[in-house]
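See structure below.
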Amino acid sequence: MKPTRIPQHFALSHKLRSHGKLFSVLCVLTLLSFSMACGNSNSSGNPPTTGKFSNASLKGSYAYNMSGSYFGLQSGNGDFREAGVFTADGNGNITSGTDDFVQGSTPGSFGSNGTYFINNDGTGGITLNVAGGQVNFALTIVNDSQAYLIEFDSFANGAGIAERQDTTALSATPSGTFVFRTHSTSTSQGSISTVGAITISGGAVSGAADTLQASALTSPILTGSFSAPTSDGRGTASLSTNTGTTYSYIYYVVNANTLNLLEADAGPLGIGRAEKQSATSFSNASLKGPFAFGSRGDTSANILGVNSAGSFTSDGNGTITAGSYDSVQDGNVIANAALTGTYSMTSNGRATVTLTPAGQSATSEIFWMVSNSRAFFLVNTPSRVEDGTLDQQQSTSFATSSFNGQYAFFMDGFDSLNPLVDRVGNLLGDGKGNLTLNYSVNSAGSGNSVVLTGTYAVGANGRLAGTVPNLTGAMILYLVSNNQGYMILGDTGAQVSGNAALQTSP
């Protein structure tokens, strides 16, 4: 089912957040404090989660961004995009923060404070007091610098990532060449994917990008400006194209090399990321070796109507020699299709790529290289507006034993049974083909904690295929390394994707 976008006034959404206060606090405190199974679990008792996490594991300032949907409005449902920063004191208190929220036609910015708790396995919850109401997140800590989030309220779903800020980078205007990726939707303009590179010097911007909108690819020249950030790393930016279009953004500094982006224009709902480019010149040889990727986007039928993941090997001479591809578009599955292709790269790191899954039409893509081991990309096809990230794999031969340990994971989207669903928690692999999932789920405002078990196998190319009864017959995870991977659910009718990363306990 497609989540409908109904523009509403920002204050109304936060009024609804206040109405969800009692449900949210009870759910967070009762469900997330314990790892006992309930609801759809097919296992009983505590899962074998471990760790030495505590409230002290969340300490410092964290920048976050989130995409989601709210519901319960008399006139229908609606989407939102959110970014901000919060400061955790290591003792269960959120001492300060700023939350920027874009819904419909009215962006808003509010201060925040609150509380949080962290269990020994890294799961936990955050309550932010924002604009007279409360926003509740369920989370799982990956390591001392990153956590996965979902919104855990009765009136909204959402998912995102929080990253600890480098406070030494918060006082300076970003500087250097950044590769960026943004994705936005609006009732008037439809969906837009943009990837490109900008150089920021003294606050002034120059650059180039590729934009896919209404089945048409354009490659505008960019100019603009970045303001200096405030003490919490929040700044504003403006990007103008040579065709006369101007985009406004709020940005949050994660560190000197990373920025979170939130579109601040009235109407569009957009979020993105910018990462500093680590090389000054690229060539075909820059794309060499095995890579894993994950992407998502919209179709004419559905917001979040396509999720894809895969891996390939490129020879450094313009040929993709082998690969594997999984995708679900409007509920229709392409499973483990063999992949070949070609590419051509210019010196600024822009590559035109053709990927051909076996039995499918060739697909054109545009890569912008962050480094020789990482890129942002968009899928240049009229059937969807899709973009994602590519990372070099750290092994040329994976096995079932490669997935061994306790991983944090999150996934969000929708399926035939859940019009909106988000999950966050622990994913345990024993290196022998057995899985245990311990997670919190928000299904269209109905919160639950779940423990499930399943099985998996990992191919040499890093493709993990898992079966988890009562959840999925096809949990697909393409490993970048033994420590992380891109996830989709490859079930007919499912439009769900996410990430998994090995937890590092103190």
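In what follows, residues are counted from 1 in the order of the sequence shown. Small disclaimer: the values here were computed from a predicted structure and weren't measured.
Within the 4.5 Å cutoff, side-chain heavy atoms of Thr211 are placed close to those of Ile192. Taking 4.5 Å as the limit, some side-chain heavy atom of Leu259 sits within range of a side-chain heavy atom of Pro174. Looking only at side-chain heavy atoms (C-beta outward), Leu261 and Thr182 come within less than 4.5 Å of each other. You'll find the side chain of Arg350 reaches within 4.5 Å of the side chain of Ser219, heavy atoms only. Counting heavy atoms from C-beta outward, Arg296 and Asp412 have side chains that approach closer than 4.5 Å. Considering only heavy atoms from C-beta on, Asp415 stays 4.5 Å or farther from Asp491 through its side chain. With a 4.5 Å cut-off on side-chain heavy atoms, Thr389 and Arg273 do not count as touching. The shortest side-chain heavy-atom distance between Ser314 and Ile320 falls under the 4.5 Å cut-off.
With no hydrogens or angles considered, no side-chain donor-acceptor pair links Asn317 and Thr319 at under 3.5 Å. In the model, Tyr486 has no side-chain atom that pairs as donor or acceptor with a side-chain atom of Asn307 under 3.5 Å. Between the side chains of Asn255 and Thr258, at least one donor-acceptor pair of N or O atoms lies under 3.5 Å. Judged by distance alone, the side chains of Asn65 and Tyr252 never bring a donor and an acceptor atom under 3.5 Å apart.
Between Ser324 and Arg463, the shortest heavy-atom contact is OG-CD, 3.8 Å. Of all the heavy atoms in Asp298 and Leu304, the pair that sits closest is OD1-N, 2.8 Å. Closest non-hydrogen pair, Gly454 versus Pro469, comes out as CA-CD, 4.3 Å. The minimum heavy-atom distance between Ser67 and Ile271, with the atom names listed, is OG-CG2, 3.7 Å. Residues Phe180 and Thr194 share a closest heavy-atom pair of CE1-CG2, 3.7 Å. The two residues Thr472 and Met475 make their nearest non-hydrogen contact at OG1-N, 3.5 Å.
Listed for the Ser327 side chain is no donor-acceptor partner under 3.5 Å among the backbone atoms of Ile334. Judged by distance alone, with hydrogens and angles left aside, the side-chain atoms of Tyr148 form no donor-acceptor pair with the main-chain N or O of Ala138 at under 3.5 Å. No donor-acceptor pair under 3.5 Å is formed between the side chain of Asn483 and the backbone N or O of Ala501. Checked by atom type and distance alone, the side chain of Thr492 never pairs as donor or acceptor with a backbone atom of Asn332 at under 3.5 Å. When atom types are taken as modelled, the side chain of Gln495 and the backbone of Val328 share a donor-acceptor pair closer than 3.5 angstrom. Asn143 contributes no side-chain N or O that, together with a main-chain N or O of Gln503, makes up a donor-acceptor pair within less than 3.5 Å. Although no hydrogens or angles enter the test, the distance criterion places a donor-acceptor pair under 3.5 Å between the side chain of Gln277 and the main chain of Met369. A donor-acceptor pair is defined here as one N or O able to donate and one able to accept, closer than 3.5 Å; such a pair exists between the side chain of Asn426 and the backbone of Asp121. In this structure, Tyr343 contributes its side chain and Leu287 its backbone to a donor-acceptor pair below 3.5 Å. Here the side chain of Tyr407 pairs no donor or acceptor atom with the backbone of Gly485 at under 3.5 angstrom.
Within 6.0 Å of the NZ atom in Lys276, the count of heavy atoms belonging to other residues, nucleotides or ligands exceeds 12.
Distance CG/Asn470 to OG1/Thr453: 9.0 Å, rounded to 0.5 Å. Distance check: Phe414 CZ to Ser443 OG gives 13.0 Å after rounding to the nearest 0.5 Å. How far CG of Asp144 is from OG1 of Thr504: 8.0 Å, rounded to the nearest 0.5 Å. Taking CD1 of Ile141 as the start and CG of Asn119 as the end, the distance is 9.5 Å to the nearest 0.5 Å. Atoms CE and CG, on Met66 and Asp422 in that order, are 8.0 Å from each other to the nearest 0.5 Å. Note that the CD atom of Gln165 and the OH atom of Tyr62 stand 10.5 Å from one another [nearest 0.5 Å].
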Given the rule in the side chain to side chain donor-acceptor pair (under 3.5 Å) test, do Ser69 and Asp79 qualify, once you have shown the distances and angles that lead to the verdict? CA-CA 4 Å; Ser69 298; Asp79 295 340; 2.7 Å; yes

Determine, stepwise, if the pair Leu378 / Leu217 fulfils side-chain contact (heavy atoms from CB on, under 4.5 Å). CA-CA 10 Å; Leu378 64 76; Leu217 182 73; 4.1 Å; yes

When you look at Phe410 and Thr140, which way does the side-chain contact (heavy atoms from CB on, under 4.5 Å) test go after all the steps? CA-CA 8 Å; Phe410 79 95; Thr140 302; over 6 Å; no

Passes side-chain contact (heavy atoms from CB on, under 4.5 Å), Glu163 versus Asn260? Steps please. CA-CA 10 Å; Glu163 297 172 281; Asn260 287 337; 4.1 Å; yes

Assess the residue pair Asp391 and Tyr478 against the criterion (side chain to side chain donor-acceptor pair (under 3.5 Å)); give the C-alpha distance rounded to whole Å, side-chain angles, the decisive distance to 0.1 Å, and a yes or no. CA-CA 11 Å; Asp391 286 294; Tyr478 277 91; over 6 Å; no

Apply the test side chain to side chain donor-acceptor pair (under 3.5 Å) to residues Tyr70 and Asp153: give CA-CA distance (whole Å), side-chain angles for both, the deciding distance (0.1 Å), then the verdict. CA-CA 9 Å; Tyr70 58 87; Asp153 285 307; over 6 Å; no

Under the criterion side-chain contact (heavy atoms from CB on, under 4.5 Å), I'd like the reasoning laid out for Val385 against His183: C-alpha separation, chi angles, the key distance, then a yes or no. CA-CA 9 Å; Val385 179; His183 187 99; 4.0 Å; yes

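Using cut-offs of 30° and 60° for the angle between ring planes, the Phe293 and Phe377 rings count as perpendicular. Using a 30° and 60° split on the angle between ring planes, Tyr439 and Phe409 fall in the perpendicular class, above 60°.
With Glu386 as the fixed residue, the side-chain hydrogen bond (donor to acceptor under 3.5 Å, both in side chains) test singles out one of Ser193, Ser191, Ser308: Ser308.
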